[in-house]
Amino acid sequence: MNVLELSSLGWHLIAMQKGSKNPGSLVGEAWQTKATSDATTIKTWADLGLNFGVLLGPSSGVIDVEYDSDEGEAILANAAPTLSYKSAKSLHRIYKWDSRFEHERANFGHKGTEWRFGQNKAQSVIPPSIHESGAQYEWVDLLPVAELPAEMWELFQTLKAEKEHTTARERPVSI
């Protein structure tokens, strides 16, 4: 799977400096407005060997679910198969945008899991990018992008409720 194939799926991509995860590193501020699915622009960026990110949310029609710890990896071990790639430290699973996330923030994290909905404000670095550590992002499962299954929605709701409960207990009560 290459960036031109992704752009043909309607993914809005943004180029970044090689070794960077910063979507504004090359195009500056308001990078979201510069993300594109235009094949000519994408090919020009690809020919320069730049890193790429996908603008997450309704524009590209995708979200990213990943883990950042062993606990998160265990929680997502039975996640439904979908298009997936490996970054320097985790496995990213790309699911179709789901309107149930339209009122969520750009991302959510709890117990080592990270759910990136984007809301057209966030991106995920994708292959063939190079991580700042020098590791290459690589496609793992070249499957069609799947709908988010009911059990994944329920898992997200459970994690969100746990985090809200924990956060509420930790806040001091002012009288």
Side-chain angles (χ1 to χ4, degrees), residues 6 9-14 16 20-25 29-33 35 51-127 129 131-133 135 137-141 143-175:
L6 298 174
L9 297 174
W11 287 26
H12 287 72
L13 305 179
I14 191 69
M16 295 168 274
S20 176
K21 294 168 52 171
N22 177 354
S25 66
E29 293 183 24
W31 64 268
Q32 300 92 331
T33 64
N51 275 8
F52 278 91
V54 58
L55 178 63
L56 299 169
S59 289
S60 294
V62 294
I63 66 171
D64 178 7
V65 179
E66 68 163 310
Y67 58 83
D68 287 330
S69 70
D70 291 342
E71 180 182 22
E73 182 177 12
I75 289 169
L76 294 174
N78 296 318
T82 189
L83 179 65
S84 303
Y85 67 92
K86 185 160 179 42
S87 66
K89 61 182 178 177
S90 68
L91 182 69
H92 294 249
R93 294 171 178 92
I94 304 296
Y95 292 100
K96 289 183 181 177
W97 165 252
D98 189 313
S99 63
R100 293 177 290 185
F101 294 119
E102 68 186 341
H103 299 294
E104 298 296 332
R105 293 181 176 184
N107 59 43
F108 167 82
H110 186 58
K111 291 191 168 184
T113 66
E114 187 172 350
W115 303 67
R116 293 183 185 163
F117 316 117
Q119 309 301 26
N120 298 328
K121 297 177 187 171
Q123 57 89 30
S124 285
V125 179
I126 59 171
S129 298
H131 188 267
E132 54 200 11
S133 69
Y137 291 72
E138 297 178 13
W139 294 108
V140 176
D141 292 317
L143 302 171
V145 176
E147 299 279 344
L148 189 77
E151 33 315 327
M152 291 286 290
W153 172 252
E154 291 166 15
L155 172 61
F156 168 70
Q157 292 299 316
T158 299
L159 291 168
K160 185 176 173 186
E162 284 178 13
K163 185 172 184 176
E164 288 172 356
H165 181 72
T166 301
T167 303
R169 279 194 327 235
E170 292 173 351
R171 289 192 176 137
V173 177
S174 57
I175 297 178

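Each residue takes its place number in the sequence, starting with 1.
Counting only residues at least two apart or on different chains, the side chain to side chain donor-acceptor pair (under 3.5 Å) pairs with a member in residues 53-65 are Ser59-Asn120, Asp64-His92, Asp64-Ser124.
Centroid-to-centroid, the aromatic rings of Phe156 and Phe108 come within less than 6.0 Å. For Tyr67 and Trp115, the ring centers sit 6.0 Å or farther from each other.
Formation of a donor-acceptor pair under 3.5 Å by the Thr158 side chain with backbone atoms of Glu154 is found in this model. Between the side chain of Gln119 and the main chain of Glu104, a donor-acceptor pair closer than 3.5 Å is present. Judged by distance alone, the side chain of Asp98 and the main-chain N or O of Arg100 form a donor-acceptor pair under 3.5 Å. Using a distance-only test at 3.5 Å, with no hydrogens or angles considered, no donor-acceptor pair links the side chain of Glu151 to the main chain of Ala79. Checked by atom type and distance alone, the side chain of Asn51 pairs as donor or acceptor with a backbone atom of Ser20 at under 3.5 Å. Side chain of Glu66 to main chain of Ser87: no donor-acceptor pair is present (N/O by atom type, distance under 3.5 Å, no hydrogens or angles).
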inquiry  = Go through it in stages, so that I can follow the logic: the residues are Tyr95 and Trp153, the test is ring-ring contact (aromatic ring centres under 6.0 Å, His included), and I'd like the CA-CA distance, side-chain angles, deciding distance and then a yes or no.
reply    = CA-CA 11 Å; Tyr95 292 100; Trp153 172 252; over 10 Å; no
query = Given the rule in the side chain to side chain contact (heavy atoms under 4.5 Å, CB included) test, do His131 and Lys21 qualify, once you have shown the distances and angles that lead to the verdict?
reply = CA-CA 7 Å; His131 188 267; Lys21 294 168 52 171; 4.1 Å; yes
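Between Pro23 and Ile14 the shortest heavy-atom distance is O-CG1, 3.8 Å. Heavy-atom minimum distance, Leu13 versus Leu6: CD1-CB, 4.4 Å. The two residues Gly24 and Asn22 make their nearest non-hydrogen contact at N-OD1, 2.8 Å. Closest heavy-atom contact between Leu155 and Leu76: CD2-CD2, 3.8 Å.
Within a 6.0 Å radius of CZ in Arg105, other residues, nucleotides and ligands contribute 12 heavy atoms or fewer.
Taking 4.0 Å as the cut-off between side-chain N and carboxylate O, Glu162 and Lys160 do not count as a salt-bridged pair.
Proximity of Trp97 to Val62: side-chain heavy atoms (C-beta onward) are nowhere separated by under 4.5 Å.
Paired with Thr82 under the rule side chain to side chain contact (heavy atoms under 4.5 Å, CB included), one option of Arg93, Lys96, Glu147 passes, and it is Arg93.
Ring geometry, Tyr137 versus Tyr85: the interplanar angle falls from 30° to 60°, so the pair is classed tilted.
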